[in-house]
Amino acid sequence: MDLRDKKKQFLDTLSLENGTLKAVSLGIDCLIDNEACDEDIPIVVTCLSDSERIVILSALETFCNSQYPDNKYLFRPSMLHITAQTSEQASIILIKKLG
């Protein structure tokens, strides 16, 4: 079973609103594209609602951890949780967290 089949199977287990489900699907598509191109392009999830963003990131984390259980660099969205008023503030906070 390839990742696209696993994606469909995983999405079928989720009971989320349509927009949230589409966001999770898009995030998984980004992971699949990264793997297909042997790239490591970051996935950025932005949302006006913190609660919705947390649900999306949690679902992506569950999918990643189930597909890559032996990966020592597990997907941990909580590390990149950034709250800021502007994109400039968010960028500064991100740089400080990664530095």
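The first residue of the sequence shown is numbered 1, and numbering continues consecutively from there. Given the structure is predicted, the values throughout are model-derived calculations rather than measurements.
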J.: Report yes or no: do L26 and L31 belong to one cluster of Ile/Leu/Val/Met/Phe/Trp/Tyr joined by side chain heavy-atom distances under 4.5 Å?
T.: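 Different hydrophobic clusters.
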J.: Taking T20 for its side chain and L16 for its backbone only, find out whether a donor-acceptor pair lies under 3.5 Å.
T.: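 No, T20 side chain to L16 backbone: no donor-acceptor pair under 3.5 Å.
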J.: Could you measure the distance from the CG atom of L60 to the SG atom of C30? Nearest 0.5 Å is fine.
T.: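 The distance works out to 9.0 Å.
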J.: If you take all heavy atoms of A90 and A84, which pair is closest and at what distance?
T.: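 Looking at all heavy atoms of both residues, the shortest contact is N-CB, 3.5 Å.
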J.: Stepwise, does the side chain to side chain contact (heavy atoms under 4.5 Å, CB included) test hold for S25 with L21?
T.: CA-CA 6 Å; S25 178; L21 193 61; 5.9 Å; no
J.: Could you grab the distance from atom CG of L57 to atom CD of E61, nearest 0.5 Å is fine?
T.: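 The distance works out to 8.5 Å.
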J.: What I want to find out is whether D5 reaches K8 closely enough, with some N-O distance under 4.0 Å, to be called a salt bridge.
T.: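 Judged by the 4.0 Å cut-off on N to carboxylate O distance, D5 and K8 do not form a salt bridge.
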J.: Rounded to the nearest 0.5 Å, what's the gap from CG on L3 to OH on Y68? Could you check?
T.: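 Rounded to the nearest 0.5 Å, the CG-OH separation comes to 4.5 Å.
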J.: So, using side-chain contact (heavy atoms from CB on, under 4.5 Å) as the criterion, who are the partners of S49 when residues are at least two apart?
T.: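 Once residues adjacent in sequence are excluded, the partners of S49 under the side-chain contact (heavy atoms from CB on, under 4.5 Å) criterion are C47, S51, E52.
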J.: Kindly indicate whether the side chain of I93, heavy atoms from C-beta on, has any atom under 4.5 Å from the side chain of K96.
T.: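 Of all side-chain heavy-atom pairs linking K96 with I93, none is under 4.5 Å.
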J.: Using every non-hydrogen atom in the two residues, find where R53 and D50 come nearest and quote the distance to one decimal.
T.: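 So the minimum-distance heavy-atom pair works out to NH2-OD1, 2.7 Å.
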J.: Taking atom NZ of K22 and atom CD of E17, what is their separation to the nearest 0.5 Å?
T.: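 K22 NZ to E17 CD: 12.5 Å, rounded to 0.5 Å.
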J.: To check you understand the geometry: which heavy-atom pair defines the closest contact between D29 and K7, and what is its length?
T.: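 Shortest heavy-atom separation between D29 and K7 comes out as OD1-NZ, 2.6 Å.
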J.: Drop me the distance from K6's NZ to I32's CD1, to the nearest 0.5 angstrom.
T.: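 Answer rounded to 0.5 Å: 10.5 Å.
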J.: Can you tell me if S58 uses its side chain to pair, donor with acceptor, with the backbone of I54 under 3.5 Å?
T.: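 Between the backbone of I54 and the side chain of S58 there is no qualifying donor-acceptor contact (under 3.5 Å).
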J.: Evaluate side chain to side chain contact (heavy atoms under 4.5 Å, CB included) for D12 paired with Q9, printing each intermediate quantity in order.
T.: CA-CA 5 Å; D12 288 343; Q9 187 178 38; 5.6 Å; no
J.: Going by ring-ring contact (aromatic ring centres under 6.0 Å, His included), name the pairs with one or both residues in residues 11-53, residues two or more places apart or in two chains.
T.: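 For residues 11-53, and leaving out neighbouring residues, there are no ring-ring contact (aromatic ring centres under 6.0 Å, His included) pairs at all.
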J.: Quick one: does any side-chain atom of S66 pair with a main-chain N or O of T62 as donor and acceptor, under 3.5 Å?
T.: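 Looks like yes, one N/O pair under 3.5 Å.
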J.: Could you tell me whether R4 and D33 have a side-chain N and a carboxylate O separated by less than 4.0 Å?
T.: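 Looking at D33 together with R4, the answer is yes, because their closest N to O distance falls below 4.0 Å.
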